[in-house]
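Take a look at the structure set out below.
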Amino acid sequence: QGPTGPQGNIDISGNCYSDYIYWDNNSIPAKWNVGSTEIHLGCDAGKTLQSTNAIAIGTSAGSISQAGNTIAIGEKAGNDNQLKHAIAIGTRAGENQQRDGTIAVGYYAGNDTQSNRATAIGFRAGEKNQNEQSVSVGYYAGNNTQKGNSVSIGVGAGYKRQNETSVAIGPIAGAIDQSANSVAIG
């Protein structure tokens, strides 16, 4: 065994029960800091402009502009511009432009531009351009360009270009170019 080195010195204090320390390489010079009103765990999680009561867990989760009262769990979940009251759980769920009150659960769910109050649950559900108040549940449901107030439930239901106020229920129902104000079942 080699010689004992000098005693370390971390001179920081918390204010509340359950405050925690984290390494802050945004500081110059980089240093240990105390976290309390937001949670970030993982390389670059909650790195830039993370707001009060936001949670970012996973590599680059909630990394850029994570608003208050949001949750991002998983690699790059809620990564860029996750707005208030949004939830992203899963690898790259809600990764880019996840808007107010949205929910994205699953691998790449709600990945790119999920509009206000939209919900995407499942592998790649609502992946690209899911518009306001739309719901996609299932593997690839509402995957690419689901217009406002539409619902797609089932494997590949409403898969591509599901138009406004339409409903698709069942495997591949309304899969491509489903008309506005229509229902597809089967």
When you compare the side chain of [Y] with that of [X], does any pair of heavy atoms fall below 4.5 Å?
X	Y	value
Asn149	Glu164	no
Tyr22	Asn33	yes
Arg124	Tyr139	no
Lys84	Asn69	no
Arg99	Asn81	yes

Will you find, in the side chains of [X] and [Y], an N or O donor that is under 3.5 Å from an N or O acceptor?
X	Y	result
Tyr108	Arg92	yes
Gln98	Thr102	yes
Ser134	Ser150	no
Gln66	Thr70	yes
Asn116	Glu132	no
Asn143	Glu127	yes
Ser36	Asp19	yes

So which heavy atom on [X] is nearest to which on [Y], and how close?
X	Y	answer
Ala173	Ala168	O-CB, 3.3 Å
Gly62	Ala72	N-CB, 3.9 Å
Lys147	Asn131	C-CB, 3.6 Å
Ser60	Asn79	O-ND2, 2.8 Å
Ala125	Ser136	CB-O, 4.0 Å
Ala120	Gly110	CB-N, 3.8 Å

Any donor-acceptor pair under 3.5 Å linking the side chain of [X] with the backbone of [Y]?
X	Y	answer
Thr37	Thr52	no
Asn53	Ser51	no
Gln50	Ile39	yes

May I ask whether Val155 and Tyr107 are part of the same hydrophobic cluster, defined by side-chain heavy atoms of I, L, V, M, F, W, Y residues being less than 4.5 angstrom apart, directly or through others? yes
Under a 4.5 Å side-chain heavy-atom rule over Ile, Leu, Val, Met, Phe, Trp and Tyr, are Ile12 and Trp23 clustered together?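 Same cluster.
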Would you say that more than 12 heavy atoms from the other residues, nucleotides or ligands in this model lie under 6.0 Å from the CD1 of Ile64, or not?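 Counting other residues, nucleotides and ligands, CD1 of Ile64 exceeds 12 neighbours.
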Counting heavy atoms not belonging to Ile28, are there more than 12 under 6.0 Å from its CD1?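 Count not over threshold, so no.
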Just how far is it from atom [atom1] of [X] to atom [atom2] of [Y], taken to the nearest 0.5 Å?
X	Y	atom1	atom2	value
Thr165	Asn181	OG1	CG	5.0 Å
Gln130	Asn144	CD	CG	11.5 Å
Gln146	Asn163	CD	CG	10.5 Å
Ser65	Leu83	OG	CG	9.0 Å
Thr91	Ile73	OG1	CD1	12.0 Å

With sequence neighbours left out, write down each residue that passes ring pair (Phe, Tyr, Trp, His ring centres under 6.0 Å) with His85, or none if nothing qualifies.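 His85 satisfies ring pair (Phe, Tyr, Trp, His ring centres under 6.0 Å) with no other residue.
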Angle between ring planes, Tyr20 versus His40, binned at 30° and 60°: parallel, tilted or perpendicular?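 Perpendicular: the ring planes of Tyr20 and His40 meet at over 60°.
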Decide side-chain contact (heavy atoms from CB on, under 4.5 Å) for Ile176 and Arg161; before the verdict, give the C-alpha distance in whole Å, the side-chain angles of both, and the deciding distance to 0.1 Å. CA-CA 6 Å; Ile176 298 176; Arg161 295 184 301 272; 3.8 Å; yes
Salt bridge or not for Asp112 and Lys128, using N-O below 4.0 Å?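 Salt bridge absent between Asp112 and Lys128.
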